[in-house]
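Atom set for the values below is all heavy atoms of this structure, side chains included, hydrogens, waters and symmetry mates excluded. Chain naming here is simple, since letters A, B, ... match the order of the sequence lines and numbering starts at 1 in each.
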2 protein chains.
Amino acid sequence: MSDLESVSVAVSPRDKFREYLSTQNKRLTRERDIVLEQVFSSHEHFDREELVSTLTTSSGDRRVSRATVYRTLQELERSGLLRKVARANGRDVFEHDYGYPQHDHLICGECGSLTEFPATEISKVVSAVSATHGFRQSGHRLEVYGTCDECCRGSRGRHPKLDML
Amino acid sequence: MSDLESVSVAVSPRDKFREYLSTQNKRLTRERDIVLEQVFSSHEHFDREELVSTLTTSSGDRRVSRATVYRTLQELERSGLLRKVARANGRDVFEHDYGYPQHDHLICGECGSLTEFPATEISKVVSAVSATHGFRQSGHRLEVYGTCDECCRGSRGRHPKLDML
DNA sequence: CTTCGTGCAAAACCTTTGCATTAAA
DNA sequence: TTTAATGCAAAGGTTTTGCACGAAG
């Protein structure tokens with residue numbers, strides 16, 4: 001992997017994961033593959049419980065246990081494929097950290113929804129600040145807290161988006 | 001100094017808390033006052049467990065139960081006196097959100113040091129973005145990851161911070 | 001009085017772990 | 001075969017909650 005991997009996506013998530021695993025003397029098992037596929041089947045944010053409830057109820061040989069889902073998510077994070085972007089309703093929220101443009105999030109404290117926005121402006125400021133401090137920046141995470149448009153105009157009562165299953 | 005000055009900080013945390021509580025038809029009890037005092041007795045970051053272990057072992061009439069500490073921290077957060085700034089070791093980290101300038105952090109992945117910088121620039125961008133999305137912003141948290149000046153130029157060996165707190 | 005708050009213990013959650021069994025390489 | 005991974009259930013840790021009692025307005 002001496003190629004420039006900074007421009008666009010030339011390597012699939014699975015290849016990247018496989019490579020990471022090999023450097024760790026770990027294996028790409030059927031279970032890890034299933035988790036990987038499920039996670040990258042959509043670009044939506046998700047939390048562990050959502051994934052677990054999907055995969056522990058899958059039929060036959062697509063079933064993966066809770067423990068393995070948790071353990072695999074750790075590996076996916078370490079491999080650079082996933083990252084935690086927020087915390088909502090007491091759960092970490094994950095998103096793809098590979099092959100998609102940099103962005104940050106507006107986090108609604110009422111319903112827990114996440115809204116993405118491009119990180120371009122923020123990145124400029126961050127770069128300037130980093131330079132000022134001689135800090136070699138590798139990334140950032142910005143969470144904006146408040147109330148989303150919908151909840152602002154909606155009723156005062158709480159409508160937390162809990163499990164959607 | 002005139003007590004009509006509402007610019008700058010002329011109101012103590014306790015006064016602000018009292019005011020908040022009254023708007024909620026809630027009471028400034030002895031227990032809430034003790035938690036408040038303990039929290040504002042220093043500017044250090046802290047987590048719930050630290051506070052709980054201090055206050056549940058206090059002598060006699062300064063003792064506060066775990067449940068009340070948790071409940072009071074929620075009120076302090078809602079009142080705008082406290083905010084969560086990070087998550088470490090599975091616990092939320094709190095800091096004062098009143099009477100001190102807004103700032104964010106550069107986080108060194110080598111030595112673990114935190115460097116604060118003023119949030120003014122970031123806040124402008126955040127406000128603009130929030131407005132665009134009809135998001136009623138109440139605050140933000142920005143963590144910049146990378147390597148600090150010292151570690152960049154320093155020895156190649158690692159100087160990981162000792163586990164604090 | 002009436003309402004709100006506290007403390008306790010239990011419950012609810014989320015995450016990790018020990019261990020016997022299975023399965024990659 | 002050798003070593004890593006899985007699944008299960010139990011354990012760990014954090015946060016919330018039901019309830020009876022006590023305190024504040």
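The six-membered or imidazole ring of Tyr145(A) lies away from that of His140(B), with a centre-to-centre distance of 6.0 Å or more. Aromatic ring centroids of His103(A) and Phe117(A) lie 6.0 Å or more apart.
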Output side-chain donor-acceptor pairs under 3.5 Å for residues 124-134 of chain B, partner residues at least two apart or in another chain, one line each.
residue, atom, partner, partner atom, Å
Ser127(B), OG, Ser123(B), O, 2.9
Ser130(B), OG, Val126(B), O, 2.8
Thr132(B), OG1, Ala128(B), O, 3.0

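One interatomic measurement links the two molecules: CG of Asn89(A) to P of dT16(D), which rounds to 12 Å at whole-angstrom precision. Taking atom CD of residue Glu50(B) and atom P of nucleotide dT14(D), one finds them 11 Å apart after rounding to whole Å. For the pair Tyr70(B) OH and dT15(D) P, the computed distance is 4 Å after rounding to whole Å.
Dense packing is recorded around CD of Gln102(B), with more than 12 heavy atoms of other residues, nucleotides or ligands lying under 6.0 Å away.
Proximity of a side-chain donor or acceptor of Thr68(A) to a complementary backbone N or O of Val64(A) within less than 3.5 Å is not detected. Between the side chain of Glu37(A) and the main chain of Ile34(A), no donor-acceptor pair closer than 3.5 Å is present. No donor-acceptor pair closer than 3.5 Å links the side chain of Arg136(A) to the backbone N or O of Thr147(B).
In 5' to 3' order, the nucleotides of DNA chain C bounding all contacts with chain A (an atom under 4.0 Å from a heavy atom) are dC14(C) to dA25(C).
Applying the salt bridge (Lys or Arg N to Asp or Glu O under 4.0 Å) rule to Arg71(B) yields no partners; only residues at least two apart in sequence or on another chain are considered.
In the model, Glu95(B) has no side-chain atom that pairs as donor or acceptor with a side-chain atom of His43(B) under 3.5 Å.
Within the nucleic acid shown, Gln74(A) comes within 4.0 Å of sugar-phosphate atoms alone, with no base atom in reach, counting heavy atoms only.
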Using a cutoff of under 3.5 Å, can you pull out all pairs of nitrogen or oxygen atoms linking the protein to nucleotides 2-7 of chain D, with atom names and distances?
residue, atom, partner, partner atom, Å
dT3(D), O2, Arg27(A), NH1, 3.2
dT3(D), O2, Arg27(A), NH2, 3.1
dA4(D), O4', Arg27(A), NH1, 3.2
dA4(D), O4', Arg27(A), NH2, 3.2
dA5(D), OP1, Arg27(A), N, 3.3
dA5(D), OP1, Arg32(A), NH1, 2.6
dA5(D), OP1, Arg32(A), NH2, 3.0
dT6(D), OP1, Thr29(A), OG1, 3.0
dG7(D), OP2, Ser65(A), N, 3.0
dG7(D), OP2, Ser65(A), OG, 2.8
dG7(D), OP2, Thr68(A), OG1, 2.8
dG7(D), N7, Arg71(A), NH2, 2.9

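Helix bend of the helix from dC1(C)-dG25(D) to dA25(C)-dT1(D): the angle between its two end axes, each built from five pairs, comes to 40° after rounding to 10°.
The list of side chain to side chain donor-acceptor pair (under 3.5 Å) pairs with a residue in residues 22-31 of chain B, not counting sequence neighbours, reads Lys26(B)-Glu75(B).
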